[in-house]
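Structure record follows, encoded as structure tokens.
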Number of protein chains: 2
Amino acid sequence: MVRIKDIAKLANVSPATVSMVINNRGNISEATRKKVLKIIEELNYQPNNVARSLKTNRTRTIGVIVEDITVFSSPEIIHGINESADEHGMSILLTNLRVHRLIGNNFENFDRCKQSVMNAVEELLSRQVDGMIYIGIHNRDLTGLINIPKPVVFTYCSASGENQYSVNYDDELAAFEATEYLIQRGHEKIALISGLIDSIPSHDRFTGYYRAIREHGLPFNPVYVKTGDWEFESGYVMAKELLALADKPTAILAMNDLMAGGVLEACRECGVRVPEDLSVVGFDNREISFYFIPKLTTMGLPLNELGRKSVEILVRAIEGEPIPEKSVKLKCNLVERQSVMPVRDGLAIQ
Amino acid sequence: MVRIKDIAKLANVSPATVSMVINNRGNISEATRKKVLKIIEELNYQPNNVARSLKTNRTRTIGVIVEDITVFSSPEIIHGINESADEHGMSILLTNLRVHRLIGNNFENFDRCKQSVMNAVEELLSRQVDGMIYIGIHNRDLTGLINIPKPVVFTYCSASGENQYSVNYDDELAAFEATEYLIQRGHEKIALISGLIDSIPSHDRFTGYYRAIREHGLPFNPVYVKTGDWEFESGYVMAKELLALADKPTAILAMNDLMAGGVLEACRECGVRVPEDLSVVGFDNREISFYFIPKLTTMGLPLNELGRKSVEILVRAIEGEPIPEKSVKLKCNLVERQSVMPVRDGLAIQ
DNA sequence: CTGAAAGCGCTTACAG
DNA sequence: CTGAAAGCGCTTACAG
């Protein structure tokens, strides 16, 4: 490996001078700068970042802790983090907790994972990362989980604390817009299949749904609200119940794509055509929604943006710049496909 | 931050001694070892790995370059890498090339990405990684792409060169076993929907299919072999052609799950029941195959193992240990679900 | 069994 | 505009 010392010797200058031209600091005459650059080029010299880090006390690396990289949302968020980190000259030290593999969706058992979190944090700290990003797989409050003197931003989950930030998407607004989208197409009987009721997203999405209904002067019918558990099967079961109603809904909004898939399956079995007889809207825009038949219209999550925003905030925090909001919510965007049709003359599903 | 020097002072020993107890080296009396450990515990001291790396010339970090983290195979491979790296006390520096986003499946355009590869490699090198793992998104030969004095292993792609290794799954064996699985259930008219014909996997899988047919004394019927392009739509089109044949196949093996999904859709349209009238087997076991109706029987890829094996080999290479094979192929495992049925009395699909 | 010293490859005041 | 020197936090022969 060629060192700064070698370059200095060949260029007949001191190591300090070489360091300065590399970092564009100090006043260096154009002549020596060129001379040094030429040698660097010739020897294909690359500064040793480990040594640099030791001296500057900055590693330009972000520790990323992801609860489970195999969950659908994680890769796209990491994608965004990587993009933005690149642009900021930062690298990513990745740790995967495998939470989903360990406890599935039973977050009451999350305590079991806390030791892994601690280990990951310690390891990252001993590697002197400048800050951390924690990627959840379910939006919940993680305040107190991580306690370190460096900035950390939580995404797809949240936490409040000194030098801690959260970036998420706006669940309520998303559900509001999805519902409004249906209303604008003439639907008045809109059913909702919720996720597990104790979760923040379920709660916020219900609020958005309810607000859209009321703001448009529609009656709220509790019979149209069903609670599932985020899985395909529960969408199927709830849809069956909904389709058995005397006064059937003309549209169903499911709180995730999996349950929407279950709705589609129930319709197929009952001879209900989607979207002619019933419109269906999902949530998440995961890959699978594209392959459902019909292709599912669904609320897309700003995953890439979640990642990008997280590093933007983190970098500001690292630089010690002021950060306006401790918690930011990004907007979702509806992906229109083939599972929604305007209701005509009240004709849908009679 | 507390340093080794602080511990030494408090324990009334030299920094060298502290270093030795931390690293379990040299001969330290039980008494001083305990004394030092106690202080370390009390101050919650964490060694600075940056300093350590500078001195030892080992960072215990693996540079991972992934062509595209949003492609289905990548997260699970990274999952495996992370697991095994953890076990070896290594960390992962992750770089995402976003190749799929940039060029899709048109690998003739890969030249455009080479600059990103170079940048990633340089960055990783300047961060002094001990070795690298390159995760492809399509099995092809990448010899010459990376040229560095450190070991690198290629997975889901391959390359040969000094200190370079490849780990993949065995395409031919997988196709052989999938075909044999069908034959063992009485199928004799087995169609194959291939991926793009210029790809290594297509070629190897065809070979496996052909070998199974012949080894079981069945006639090879070229009419049963169709070429798709890996996409859903092509599976649909090819299945339609196959179903229009006078002498229809009783089973279709598709070279990936997407095309198998297309087959399922074609069957639905034509009133062909799966698996009663036609058995279908996919390839990849991506998440989506679980949600197809019927749930797809498919050849599962050993993605996690690909990742694990990659770091095992890399670690050996880093340690300078001998590595038996430059290229290793792992076995795939069939995931049995609901799209295959034994053929009875030649009754299938008449 | 333990300590003093040198050094890993950089950067950064400081002096000139 | 440039160089000599100190030091970041460790580890590792070497001496005792």
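Note that these values count all heavy atoms, side chains included, but never hydrogens, waters or copies made by symmetry. Letters A, B, ... mirror the listed sequences (proteins, then strands); counts begin at 1. All of these numbers come straight from a predicted model, not from anything done at the bench.
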**Request:** Would you check, one step at a time, whether the test side-chain contact (heavy atoms from CB on, under 4.5 Å) holds for R58(A) with I318(A)?
**Result:** CA-CA 10 Å; R58(A) 277 275 250 124; I318(A) 291 170; 3.8 Å; yes
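Position along DNA chain C of the nearest nucleotide to V13(B) versus N48(A) favours V13(B) as the more 5'-ward residue. When the nearest nucleotides of DNA chain D are assigned to T17(B) and A51(B) by heavy-atom distance, the more 5′-ward of the two goes with A51(B).
Here S53(B) lies out of heavy-atom contact (under 4.0 Å) with every strand. Counting non-hydrogen atoms under 4.0 angstrom, N12(A) reaches the backbone sugars and phosphates but no base. Backbone-only engagement by I28(B) is indicated by non-hydrogen atom pairs under 4.0 Å involving sugar-phosphate atoms exclusively. If you check every strand for non-hydrogen atoms under 4.0 Å, N57(B) touches nothing.
Distance alone, capped at 3.5 Å, is enough to place a donor-acceptor pair between the T155(B) side chain and the V167(B) backbone. Counting only distance, with no hydrogens or angles, the side chain of S84(B) and the backbone of G80(B) share no donor-acceptor pair below 3.5 Å.
The CZ atom of R60(B) sits 10 Å away from the P atom of dT11(D) (whole-angstrom rounding). Residue R127(B) contributes atom CZ, which lies 14 Å from atom P of dC10(C) at whole-angstrom precision. Distance L54(A) CG to dT11(D) C1': 13 Å, rounded to the nearest Å. Rounding to whole angstrom units, CD of residue Q128(A) and P of dG9(D) are separated by 9 Å. Rounded to an integer number of Å, the gap from K55(B) NZ to dT11(D) C1' is 6 Å. dG9(D) atom P lies 9 Å from atom CG of D6(B), rounded to whole Å. Between the CG atom of N27(A) and the C1' atom of dA15(C) there is a distance of 16 Å, given to the nearest Å. In this structure, the NZ atom of K5(B) is 9 Å from the C1' atom of dC8(D), given to the nearest Å.
Taking 4.0 angstrom as the limit, Y45(A) places a side-chain polar atom (N or O) nearer than this to OP1 or OP2 of dC10(C). For the pair R52(B) and dG9(D), the criterion of a side-chain N or O lying under 4.0 Å from OP1 or OP2 is not met. Look at S19(B) and you won't find any side-chain N or O under 4.0 angstrom from OP1 or OP2 of dT12(D). Between N49(B) and dC10(D), a side-chain N or O to OP1/OP2 separation shorter than 4.0 Å is absent. Contact between the side-chain N/O atoms of R25(A) and the OP1/OP2 oxygens of dT12(C) is found at a separation under 4.0 Å. Put simply, T56(A) has no side-chain N or O that comes within less than 4.0 Å of OP1 or OP2 on dC10(C).
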**Message:** Pairs counted only when both distances fall under 3.5 Å, Watson-Crick or G-U: show me the 5' to 3' dot-bracket for DNA chain D, [ ] for pseudoknotted crossings and | for other-strand partners.
**Reply:** |||.||||||||.|||
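Around the CD atom of E319(B), the shell of radius 6.0 Å holds more than 12 heavy atoms that belong to other residues, nucleotides or ligands. Around the NZ atom of K331(B), the shell of radius 6.0 Å holds more than 12 heavy atoms that belong to other residues, nucleotides or ligands.
Here dT11(C) is the nucleotide among dT11(C), dG9(C), dT2(C) with the atom lying nearest to any side-chain atom of I4(A). With dT2(D), dT11(D), dA4(C) as the candidates, the nucleotide lying closest to the side chain of N23(B) is dT11(D).
Under the 30°/60° scheme for interplanar angles, the aromatic rings of F154(B) and Y134(B) are found to be tilted.
A cation-pi geometry, defined here as NZ or CZ lying under 6.0 Å from the six-membered ring centre and within 45° of its normal, does not hold between R316(A) and Y165(A).
Side chains of E123(A) and N119(A): no donor on one and acceptor on the other come within 3.5 Å.
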